[in-house]
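Written below as structure tokens is the structure these notes are about.
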Amino acid sequence: IRMVTGVQTCALPISRAELTLDVFADLAVEYYTQRACAPGTLIITEATFISPQAGGYPNVPGISTDAQIASWKKIVDAGAFPPLVWRLSS
């Protein structure tokens, strides 16, 4: 299988250490904004818990509270892909 995407650069997720109470800090938004400014950049976002019950690790972004959704909106508006949803199971 051959894929032609036009992607010239791939930016990996930022360190989870840039989170404040499982919400992205302004530094994370700046990180993704800087990388999104280059045409042809594929930005891979963080694995993201779908709910507090789906998690189990500290400092992992979520997308279940208003504050988390607002911080993800800033990341997506910067040009990154929407979050990669993640659920741990026992």
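The figures here come from the full heavy-atom set of this structure, side chains too, leaving out hydrogens, waters and symmetry mates.
Under the side-chain contact (heavy atoms from CB on, under 4.5 Å) criterion, Ala70 pairs with no residue, sequence neighbours left out. For Glu30, the side-chain contact (heavy atoms from CB on, under 4.5 Å) partners two or more places apart in sequence, or in a different chain, are Leu27, Gln34. Residues passing the ring-ring contact (aromatic ring centres under 6.0 Å, His included) test with Tyr32, sequence neighbours excluded: none.
Proximity of Val29 to Ile75: side-chain heavy atoms (C-beta onward) are separated by under 4.5 Å at one or more points. Residues Val60 and Thr48 have side chains not in contact (no heavy-atom distance under 4.5 Å, counting atoms from C-beta outward). Counting heavy atoms from C-beta on, the side chains of Asp26 and Lys74 come closer than 4.5 Å. Using a 4.5 Å heavy-atom threshold, the side chains of Pro83 and Pro61 count as separate. In this structure, Phe49 and Val85 have side chains that are not in contact, with every pair of non-hydrogen atoms separated by 4.5 Å or more.
Once rounded to the nearest 0.5 Å, the distance linking CG of Asp77 with CH2 of Trp72 reads 12.5 Å. To the nearest 0.5 Å, the span separating CD on Gln68 from CD1 on Ile63 amounts to 8.0 Å.
The shortest non-hydrogen separation linking Thr45 to Pro82 is OG1-O, 3.1 Å. Residues Ala36 and Gly79 share a closest heavy-atom pair of CB-CA, 4.0 Å. Of all heavy-atom pairs spanning Pro52 and Ser64, the tightest one is CD-OG, 3.3 Å.
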